[in-house]
Engineer: 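Before anything else, here's the structure in question.
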Amino acid sequence: MPELPEVETTCRGISPHLVNQTITQVIFRHKQLRWPIPIKALKDHLIDATITEVSRRAKYILIQVPTGTVVIHLGMSGTLRIVSATTPLRAHDHFDCILSSNKILRLNDPRRFGALLWLPNHHTLAQLENLGPEPLSTEFTATYLYQSAQKHRSPIKTFIMNQKVVVGVGNIYASESLFMAKIHPEYPANALSLTQYQDLHKAIQKVLGKAIKKGGTTLKDFCQSDGKPGYFSQELKVYDRQEEPCLSCQSPIHAIRLGQRSTYFCPRCQPLPSKFKRKKELLL
DNA sequence: ACTGGATCCTGATCGC
DNA sequence: TGCGATCAGGATCCAG
């Protein structure tokens with residue numbers, strides 16, 4: 001369940017269990033997630049190392065030890081939990097990090113779209129380079145979005161999900177933010193006005209900020225057993241609501257595929273000027 | 001340089 | 001009950 005708010009929540013949840021703990025053992029049960037796991041480097045650098053900090057960049061979780069950083073991405077299906085030695089193993093428990101407190105940081109990821117990487121101090125990691133600004137930071141502004149968009153004619157939804165533009169806007173929040181800003185997801189990025197980007201910028205921050213709060217409360221016990229997902233559904237205005245009435249105008253919510261991702265919007269609240277509508281014959 | 005599509009993998013769900 | 005098709009909260013890679 002790795003939307004940015006859950007990654008943030010995971011970070012906050014595991015951090016107190018990790019910081020100042022010494023790692024006594026690491027166990028690998030799979031050698032590859034999205035990329036091969038650098039098992040040897042992780043063993044060499046983690047065993048007997050003390051964790052100094054846990055932080056987040058984009059949807060990557062960063063666990064700092066004296067000689068470098070463990071970089072974890074949860075992909076589509078990953079979870080990180082704090083468990084005990086008696087917690088039974090489940091399918092897809094790929095990695096354990098055993099601490100001096102006897103607690104265990106356990107990574108589970110059925111689809112293995114996630115990542116477990118090692119970043120030595122003073123090195124760089126391609127995945128962490130060229131990332132756009134954090135959506136809740138002050139570098140992320142409406143003007144920045146507007147200017148970045150000028151050379152992109154791709155649909156606005158695809159544009160805001162591009163991590164080089166801004167990090168952390170996933171498939172759910174892209175649809176939700178565009179609904180709040182009353183912008184059609186297929187609107188070409190470079191056709192939107194600065195005013196529209198001001199609305200969109202505000203919407204992204206509002207939706208993500210609220211979701212982090214929700215994630216924080218709903219997942220507060222996520223590290224004990226299984227924090228139930230589905231808590232978003234109460235807040236979602238369009239996502240996964242195909243054919244249901246728009247909460248603002250009662251029109252049926254539409255669903256389309258955009259960039260191979262499910263996309264939801266209200267055709268009445270988020271109109272698309274006819275000049276931007278795609279013609280079927282052009283798609284063939 | 002940008003864009004869209006294919007791709008990695010397992011599991012849940014739905015129609016037949 | 002079983003089977004195949006489809007879809008899932010991500011993001012990289014590659015051809016055009």
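We use all heavy atoms of the structure for the numbers below, so side chains are in, but hydrogens, waters and symmetry mates are not. Naming convention: chains lettered A, B, ... in sequence-line order (proteins, then strands); numbering from 1 in each chain.
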Engineer: Looking only at side-chain N and O atoms, does A/Gln260 come under 4.0 Å of OP1 or OP2 in C/dC7?
Structural biologist: no

Engineer: Reckon A/Arg261 touches a base, only the sugar-phosphate, or nothing at all at heavy-atom distances under 4.0 Å?
Structural biologist: base

Engineer: Reckon A/Gly170 touches a base, only the sugar-phosphate, or nothing at all at heavy-atom distances under 4.0 Å?
Structural biologist: sugar-phosphate

Engineer: Write down the distance between CG (A/Asp240) and P (B/dA12), rounded to a whole number of angstrom.
Structural biologist: 17 Å

Engineer: In whole Å, what separates the P atom of B/dG11 from that of C/dT12?
Structural biologist: 24 Å

Engineer: Report the relative orientation of the aromatic rings in A/Tyr197 and A/Phe159; use parallel for angles under 30°, tilted for 30 to 60°, perpendicular for over 60°.
Structural biologist: perpendicular

Engineer: For A/His45, run the side chain to side chain donor-acceptor pair (under 3.5 Å) check against A/Thr67, A/Asn121, A/Thr69 and tell me which one passes.
Structural biologist: A/Thr67

Engineer: Tell me: CE of A/Met161 to P of B/dC2, nearest whole Å?
Structural biologist: 19 Å

Engineer: On a whole-Å scale, what distance lies between the C1' atoms belonging to C/dA11 and B/dA12?
Structural biologist: 23 Å

Engineer: List for me each residue that meets side-chain contact (heavy atoms from CB on, under 4.5 Å) alongside A/Pro36, sequence neighbours excluded, and say none if there are none.
Structural biologist: A/Gln32

Engineer: Using whole Å, what does the distance between atom P of nucleotide B/dT10 and atom CZ of A/Arg29 come to?
Structural biologist: 17 Å

Engineer: For A/Thr158 and for A/Arg111, locate the closest nucleotide of DNA chain B by heavy-atom distance; then report the residue assigned to the nucleotide nearer the 5' terminus.
Structural biologist: A/Thr158

Engineer: Would you list the pairs meeting salt bridge (Lys or Arg N to Asp or Glu O under 4.0 Å) in which at least one residue belongs to residues 69-78 of chain A, sequence neighbours left out?
Structural biologist: none

Engineer: Looking just at side-chain N and O atoms, do A/Thr22 and A/Thr50 make a donor-acceptor pair shorter than 3.5 Å?
Structural biologist: yes

Engineer: Using purine N1 to pyrimidine N3 plus N6-O4 or O6-N4 for Watson-Crick, or N1-O2 and O6-N3 for G-U wobble, both under 3.5 Å, which nucleotide pairs with C/dG9?
Structural biologist: none

Engineer: With a 4.0 Å cut-off on heavy atoms, is A/Arg34 in touch with a base, just the backbone sugar-phosphate, or nothing at all?
Structural biologist: base

Engineer: Taking only the side-chain nitrogens and oxygens of A/His92, find out if one of them lies under 4.0 Å from OP1 or OP2 of B/dG11.
Structural biologist: yes

Engineer: Nearest whole Å is fine: how far is C/dG9 P from A/Met76 CE?
Structural biologist: 5 Å

Engineer: Looking only at side-chain N and O atoms, does A/Ser154 come under 4.0 Å of OP1 or OP2 in B/dT3?
Structural biologist: yes

Engineer: C/dG9, OP1 or OP2 - any side-chain N/O from A/Tyr239 closer than 4.0 Å?
Structural biologist: yes

Engineer: Rounded to whole angstroms, how far apart are CZ on A/Arg153 and P on B/dG4?
Structural biologist: 8 Å

Engineer: Once hydrogens and angles are ignored, does a donor-acceptor distance under 3.5 Å link the base of C/dA11 to the side chain of A/Gln127?
Structural biologist: no

Engineer: Is there a donor on the side chain of A/Arg112 or the base of B/dC9 sitting less than 3.5 Å from an acceptor on the other?
Structural biologist: no

Engineer: Rounded to the nearest angstrom, tell me the gap between atom CG in A/Asp109 and atom P in C/dG9.
Structural biologist: 15 Å

Engineer: In the structure shown, which nucleotide is the Watson-Crick or G-U wobble counterpart of C/dG4, with both distances under 3.5 Å?
Structural biologist: B/dC14

Engineer: Could you tell me whether A/Tyr60 contacts a base, only the sugar-phosphate backbone, or nothing, with contacts defined as non-hydrogen atoms closer than 4.0 Å?
Structural biologist: sugar-phosphate

Engineer: Could you give the distance separating B/dA6 and C/dT6 at their P atoms, to the nearest angstrom?
Structural biologist: 13 Å

Engineer: Can you classify the ring geometry of A/Tyr187 versus A/Phe276 as parallel (below 30°), tilted (30 to 60°) or perpendicular (above 60°)?
Structural biologist: tilted

Engineer: P atom, B/dG5 versus C/dC7: distance in rounded Å?
Structural biologist: 15 Å

Engineer: Salt bridge or not for A/Glu134 and A/Arg57, using N-O below 4.0 Å?
Structural biologist: yes

Engineer: What's the CG-P distance between A/Leu258 and C/dG9, to the nearest Å?
Structural biologist: 13 Å

Engineer: C/dG10, OP1 or OP2 - any side-chain N/O from A/His73 closer than 4.0 Å?
Structural biologist: no

Engineer: Can A/Phe113 be said to stack with the base of B/dC8, given centres closer than 5.5 angstrom and planes under 30 degrees apart?
Structural biologist: yes

Engineer: Check the distance between C/dG10's C1' and A/Leu4's CG and give it to me in whole angstrom.
Structural biologist: 13 Å

Engineer: So, is A/Lys151 near the phosphate of B/dA1, with a side-chain N or O under 4.0 Å from OP1 or OP2?
Structural biologist: no

